[in-house]
Amino acid sequence: ACSDEAEPAPGSDKVTYVTAFGAVGRDAFAWVAREKGYFAAAKLDVTIQLGAATSENLRVLAAGQAQFIHNDLVGSWILAGKGEYTDIRAIAASHQQTLVSIVALEGGSVKTAKDLEGRKVGAATGSVNQLLFPAYAKRVGIDASKVLWVNTQPANLPTLLASGQVDALSTFLIGAKGIEKAAGGRKTVVLPYGDQLKDLFGNGLITTAAIARDKPDLARRFRDAMLKALEYTIDHPEEAAQILKKAQPAADVTAAVGEITLMTPYVRATGIPIGSLDQARVARAITTLEEGGLIKPGLKPEAVVDFGLVPK
Amino acid sequence: MKSFALPVAGAVVAIAVWWAATAVLGVRPFFLPSPPDIVAAFLAQPGYLLREAWATLTATVIGFLVAAVGGVLLAVVLTLAQSVSRATLPLLVALNSVPKVALAPLLVLWLGFGAAPKVVLVVLICFFPVVVASAAGLGSTPAELGELGRSLSASRWQQYAKIRLPWALPQVFVGLKIAISLAVIGAVVAEINQPNHGLGAVVVLSGMSFDTPLAFAAIALLALLSVGLFYAVAGLERLLLPWAKAITG
Amino acid sequence: MKSFALPVAGAVVAIAVWWAATAVLGVRPFFLPSPPDIVAAFLAQPGYLLREAWATLTATVIGFLVAAVGGVLLAVVLTLAQSVSRATLPLLVALNSVPKVALAPLLVLWLGFGAAPKVVLVVLICFFPVVVASAAGLGSTPAELGELGRSLSASRWQQYAKIRLPWALPQVFVGLKIAISLAVIGAVVAEINQPNHGLGAVVVLSGMSFDTPLAFAAIALLALLSVGLFYAVAGLERLLLPWAKAITG
Amino acid sequence: MIGLSGVSRRFGAVEALAGIDLEVGESEFLAVIGRSGCGKSTLLRIIAGLLEPSAGTVVVDGRPVRRPRRDVALVFQRPALLPWRTVLGNVLLPVEILGLPSASSRKHALELLDSAGLGDVHGRLPHELSGGMQQRVALCRALVQRPRVLLMDEPFSALDALTRAELADRLQELHMGLRATTVFVTHSIQEAVLLADRVAVLTPRPGRIRKILDVDIPRPRSFGHNAHLIEVSRCVAELHDLLL
Amino acid sequence: MIGLSGVSRRFGAVEALAGIDLEVGESEFLAVIGRSGCGKSTLLRIIAGLLEPSAGTVVVDGRPVRRPRRDVALVFQRPALLPWRTVLGNVLLPVEILGLPSASSRKHALELLDSAGLGDVHGRLPHELSGGMQQRVALCRALVQRPRVLLMDEPFSALDALTRAELADRLQELHMGLRATTVFVTHSIQEAVLLADRVAVLTPRPGRIRKILDVDIPRPRSFGHNAHLIEVSRCVAELHDLLL
Ligand SMILES: Nc1ncnc2c1ncn2[C@@H]1O[C@H](COP(=O)(O)OP(=O)(O)OP(=O)(O)O)[C@@H](O)[C@H]1O
Ligand SMILES: Nc1ncnc2c1ncn2[C@@H]1O[C@H](COP(=O)(O)OP(=O)(O)OP(=O)(O)O)[C@@H](O)[C@H]1O
Ligand SMILES: Cc1ncc(C[n+]2csc(CCO)c2C)c(N)n1
Ligand SMILES: [Mg+2]
Ligand SMILES: [Mg+2]
């Protein structure tokens, strides 16, 4: 994964890019961009590294070990709003709405959001899923404090639910297929936070403030290559999954196709270009976070997004 | 008196270097907080931190004791019968090689959310050093003492109880000293995986909320805990084995 | 011949029990794949798995060698000067107690995405057992051999080179045998944290794709690797220290 | 009591003992002498059941020896004390292992230590003792079990002439009291003559029995006063020549 | 060459040596005898610079002893061989440590081993040797460095009478050749008389010098043929009484 197979054009800019989380369907477009020659065409020599999690990726970016990352925008902005990592700039949104959801098994005790009070809900430790939950609970009218959180590692979540250790999970909805596999084919009930918290974005491409300021052309070339690949990916889920599998043999084609299919409606929203980051929506998203008590008031949209670099 | 001066001096120098580094290089606190930041974080909620430290300590100590006793017993079995050792040691090595991080979630699955998975992880992580060191110790009885036992028609059990095990104790303690450090790590790995209690949970949760000084306060407590436990084991060794020091030089 | 029969038998029995358990209890492959599932996962892409195993192996071996040499040298320094030992051992224990999981991300920050953080993590994880065991070994020279060295006016260096270190070797190997297992774990922890290469990466990535048989194929290779390395160290011990076996009984 | 026939022992290429035939009667005191490295210790270890002969058979009390017997005690050439036990603790080791009555054995042990001149050091650890003191502790440890067969490998080698004489006296008394069958390896011809009913002389490499000499000197014997001077001299001289 | 004045040594509550005054002249051969545990080994280790006296001063070759000297060799009471080195390797240890010329020392070592009857075992490891053979290796190891001062702690204790006599002969020759100042601890009065210019007798606990006896018997001495029988007997008898 470290070196490009497609020969980079001479004089290309060397950059390092970090995926959101390992090598699964949602991140397949990076390898598609490479395989399809989009990077080479944009005179980019991109090294793709596998990301660990929201905060780890931000740290890597801040430490200068990478120039671009794919990250959860809500989580990133919460951290920016707390005064950490203030020198990051989003340049595109890959998912127009947050993918965070409540997932339960059909036939279980959780059928609607109302059923969550008094239940055990598993989530990745300290993840944005938990942070956002009070805001979600308020909208659906339940008492957030009556939910029993079980902290665990992301990889462990499907097993927890499948084995009945928890009644529901808070996770990305695109993981639902994997959860069904873990549960031996039982169907899932998916309750997206996005149904209630409509202004929150999902993942996005982020770079440093310095690059956004000093090398806007580099950022644009990278953004365009990636968005082109993202579009190609949702149009050709099977092929994208194969490309992913070729670069990362540990990836699973079926699971990747499932993720890509599930995320498609979140990538392509009517009336706006892929990757769009609308300033007014960003402002509303920040307001949502402020109202949820997740950040202190005062975070400006320009402080987390470079609107000069977002797709128009 | 003097025996405390040097370790304290070492710690003071280390902290001073660290402090100087953060001050001179102007490191941001969330990368590496300076000592006063950490002290402040501790003083902000000492009760909470000490309570979590206690949780980590108990799991560590219980798991360590189980592993110590079990490890020595297994070493006895392994040295008793070469064939058992031949057949099972590779399996033991293979099992030990499974990264404990990967095991932690499974333990939660099997044992639930209480203290059990933590204790089990501690046992698993510190079992192997005790077994390897004890087996080496039990196999190192000088030929003349081995012959002494045999010449007295000592039973297997007596040979171990009266000769081999006492002789092996200094080496058992090598295993125990390595194990006690691992035990703390094991408890923390379990807590990181399933952060409801303990200093590992504090590290994770404060990391999530980007309270790096609090995370480092927890890490500092962990270090203190480790050092304390290590020296407790070393002290026990001194107490039990004065003869071992006396016959070396 | 016979020396291979027993370990193989042990492995066969273990695999049979496992197989029977998955078959009888009807465990789903997602939770615990049966041996044929795992073999199939391996055979689906043997080249890939072996390449990743090689990456893990090289990092493990390099880190282990660095830690082995460095650990023995540090043990020499610690036993040479009691005051150095007093002042620095607590720090060493404290540093060792920092969970390596928590360290892995920091190493990536400092050292980038290459093999360096992995090797460093391996060194950090297996340094301590080597130091503790070697220091114990170097301190266990029988009084009469210590006096022999002194009576010959041997320099410090000569006492170590000719007497103390050879005498300590059996105990150094206890440290090395513990360390080699930890070394593999260290490499895997680094790979889990930063899953670009190695069997640890395969475990993480296949886990994300819910491909449990592939994860177990990687874990099985890891176990093989560990066992192979452990017995390589044990074999080296046999080769170098026939006298140690001869004077015990 | 002890019977060896055709006993040989090889260590790899080294032939340590070859074709040893030997009978030791009930309550007999047999001394064994021979050049250094001729196989004396090997012989004792074979009789004790610690070492298998390469060929030949060993019988003690009418039964073939396959493993050590509880009624046989061995004093090793080196003291082989447990460094973590006190002097008394070391002497009591056989008592614990053989399950002898503890109160009376303790008294017995203290008496033995006393008569070996170690009464006041019974609480010390072995490393605090001189070489000769350690050797005496090992001797007491063997005697405490009141064995029927007593095998001793140069038990007085680290002792000065006087202590040796005192202990030899004491050993004679004990022997007469215990009536233990005794095989006593020594490198001192005088000692052999002083103590033994018969003296077996081994040849060097491989050890074979060159001759077994009867010592017909009335007991109790002693060197202190020059009693039995002529018989002793004759025996010593003969043994001296046999060793060559 | 060696001078001790007012030397005492305590081990905790135990007084091992008390007020030792002793002069050993250049090339003199001094034997030390005394009861087991009287402090003979302690005395040697103090002269060797391995142990500090609790009081008093030790001078060797005009300079106070603070640490071991390179021209002093010590034969320990126990062989103290390195188990991983062959016999020859053990004998060559001082050569390596003291940086003596290696080719000639190797030859010297092999000669010494030969004359100690170990010529054919120089490639074996210590655990393959008998007790007496190990002791002879330790002796060769001390002689290989051609020391100016030779301190020996019961070097013949594990040897049979004949080997002992041979080695004693050889040691006399060596002594006459090397002219090393020698302090020789023994528990054999005969041996002391055979070898020594003077014999120091220590009292038991604490060790003090009871008497230093001059042995005025012409050299080379030997017991084999009953030469010097009367002088030897007189000395032996006197020493015997002194030990009491
Ligand atoms: N490390 C020690 N700790 C305590 N006491 C000791 C120590 N070393 C020697 N002693 C005591 O000092 C005294 C003299 O011991 P030393 O070894 O010098 O005797 P020795 O004359 O050589 O006896 P032997 O002839 O039996 O070898 C003994 O009583 C012994 O117990
Ligand atoms: N474990 C062994 N391996 C090889 N050779 C051995 C072993 N044990 C003894 N030997 C050899 O067997 C021979 C007899 O040894 P043994 O110890 O019986 O002699 P010994 O008569 O007791 O001598 P000493 O009077 O010196 O104690 C020696 O040549 C010795 O080198
Ligand atoms: C026997 C043994 N196993 C594991 C570790 C260390 N370790 C294993 S997993 C883990 C956390 C990784 O996330 C750590 C620190 C050790 N030191 N010793
Ligand atoms: Mg012998
Ligand atoms: Mg002595």
Side-chain angles (χ1 to χ4, degrees), chain D residues 11-12 14 16 33-42 76-79 116-118 120-121 124 128-136 153-154 156-167 185-192 202 204-205 223-224 226 233 236-237 239-244, chain E residues 11-12 14 16 33-42 76-79 116-118 120-121 124 128-136 153-154 156-167 185-192 202 204-205 223-224 226 233 236-237 239-244:
Chain D
F11 293 102
V14 181
I33 64 173
R35 304 291 301 259
S36 172
C38 75
K40 303 180 294 295
S41 300
T42 305
F76 292 87
Q77 190 166 5
R78 286 165 61 175
L118 298 169
D120 53 340
V121 299
R124 287 211 233 155
E128 298 173 318
L129 305 184
S130 76
M133 291 158 92
Q134 292 180 8
Q135 199 173 35
R136 284 177 274 159
D153 200 351
E154 312 195 10
F156 300 155
S157 64
L159 300 178
D160 61 288
L162 242 91
T163 308
R164 180 187 287 249
E166 287 168 13
L167 279 182
V185 171
T186 177
H187 47 248
S188 162
I189 298 173
Q190 271 85 359
E191 210 161 79
L202 296 190
R205 309 210 202 147
F223 288 151
N226 283 347
S233 300
V236 168
L239 288 170
H240 207 276
D241 291 343
L242 280 170
L243 269 183
L244 283 174
Chain E
F11 294 100
V14 180
I33 64 174
R35 304 291 301 259
S36 172
C38 75
K40 304 181 292 295
S41 299
T42 304
F76 293 89
Q77 191 166 2
R78 286 166 60 177
L118 297 170
D120 53 340
V121 299
R124 288 210 230 155
E128 299 173 317
L129 304 184
S130 76
M133 291 159 92
Q134 292 180 8
Q135 200 173 35
R136 284 178 274 158
D153 199 350
E154 312 194 10
F156 301 155
S157 64
L159 301 178
D160 61 288
L162 242 92
T163 308
R164 181 187 286 248
E166 286 167 13
L167 280 182
V185 170
T186 178
H187 47 247
S188 162
I189 298 173
Q190 272 84 359
E191 209 160 80
L202 296 189
R205 311 213 201 145
F223 288 152
N226 281 348
S233 303
V236 168
L239 288 170
H240 208 278
D241 291 343
L242 282 169
L243 268 182
L244 283 173

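Letters A, B, ... are given to chains in the order of the sequence lines, protein chains preceding strands, and every chain is numbered from 1.
Within the 4.5 angstrom heavy-atom criterion, no atom of E/Ile33 approaches chain D. Residue E/Thr163 touches chain D through both its backbone and its side chain, counting heavy-atom pairs closer than 4.5 Å.
Shortest non-hydrogen contact noted between D/Arg136 and E/Ser36 is NH2-OG, 2.6 Å.
Summarising the geometry, atom OG belonging to E/Ser157 is positioned 6.5 Å from atom NE2 belonging to D/His187; distances are rounded to the nearest 0.5 Å.
Taking 4.5 Å as the limit, every side-chain heavy atom of D/Gln134 sits out of range of all side-chain heavy atoms of E/Gln77. Under the 4.5 Å side-chain criterion, counting only non-hydrogen atoms from C-beta, D/Val14 is in contact with E/Arg124. Between E/Ser41 and D/Ser130, the closest side-chain pair of non-hydrogen atoms is not below 4.5 Å.
Remark: D/Asp160 engages E/Arg35 in a salt bridge (Lys or Arg N to Asp or Glu O under 4.0 Å) (not counting sequence neighbours).
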